[in-house]
Amino acid sequence: QVQLVESGGGSVQAGGSLRLSCAMSGNTYSTYCLAWFRQAPGKERERVATIYRTTGSTSYADSVKGRFAISKDNANNTLYLQMNSLKPEDTGLYYCAARASPSANCRFFGPREYKYWGQGTQVTVSS
């Protein structure tokens, strides 16, 4: 079992920055895909960024490339999402997620293929 707890959400104006954190506990093995997803009202949950815990290999949705950065602190079992140049369309409930994976192809896993989820943290960007 893996437990995930997000924090760091809030309300910012467009152009601002936020840093989300996800504290991980339980059996957080090295061969895990870690990801951030988000869901806006009335929309499907979408993958924002992924990182492979072993190698640090990352992937990003096209909509956030160059603005967001996913990172991890293995020693402290914490996942981060640095969000810069925020836009109103980044508004949503942000979730961290984890699943075991033998390879670093984390970007190929959709939300239904992640086993562990946090409760979510709200990000609201005003124009």
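Nothing fancy with the numbering, it's 1 onward along the sequence.
Remark: K43 pairs with no residue by the side chain to side chain donor-acceptor pair (under 3.5 Å) rule, at least two apart or across chains. Residues meeting the side chain to side chain contact (heavy atoms under 4.5 Å, CB included) test with K115, sequence neighbours left out: none. In terms of the side chain to side chain contact (heavy atoms under 4.5 Å, CB included) criterion, residue partners of N76 (sequence neighbours excluded) are, by chain and number, D73, T78. With sequence neighbours excluded, the residues forming a side chain to side chain contact (heavy atoms under 4.5 Å, CB included) with S126 are Q13, listed by chain and number. Listed by chain and residue number, Q3, Y116 satisfy the side chain to side chain contact (heavy atoms under 4.5 Å, CB included) test with Q1 (two or more places apart in sequence, or in another chain). A search for salt bridge (Lys or Arg N to Asp or Glu O under 4.0 Å) contacts involving E46 returns R38, not counting sequence neighbours. By the salt bridge (Lys or Arg N to Asp or Glu O under 4.0 Å) test, R99 pairs with no residue at all, sequence neighbours left out. Not a single side chain to side chain donor-acceptor pair (under 3.5 Å) links S71 to another residue, sequence neighbours left out.
For the pair S59 and R47, the minimum side-chain heavy-atom distance is below 4.5 Å. At least one side-chain heavy atom of F68 sits under 4.5 Å from a side-chain heavy atom of L81.
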Name every donor-acceptor pair, under 3.5 Å, that has one atom in a side chain of residues 15-23 and the other anywhere in the protein, sequence neighbours excluded.
residue	atom	partner	partner atom	Å
S17	OG	N84	OD1	3.0

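Listed by first then second residue, pairs satisfying ring pair (Phe, Tyr, Trp, His ring centres under 6.0 Å) with a partner in residues 34-65 read F37-Y114, F37-W117, not counting sequence neighbours. Screening residues 32-74 for disulfide (SG to SG under 2.5 Å) gives C33-C106 as the qualifying pairs, with residues at least two apart or on separate chains.
Other residues sharing the hydrophobic cluster of F108, ordered by chain and number and joined by side-chain separations under 4.5 Å: none, the residue standing alone.
In summary, D62 and K65 engage in a salt bridge, as defined by a charged side-chain N under 4.0 Å from a carboxylate O.
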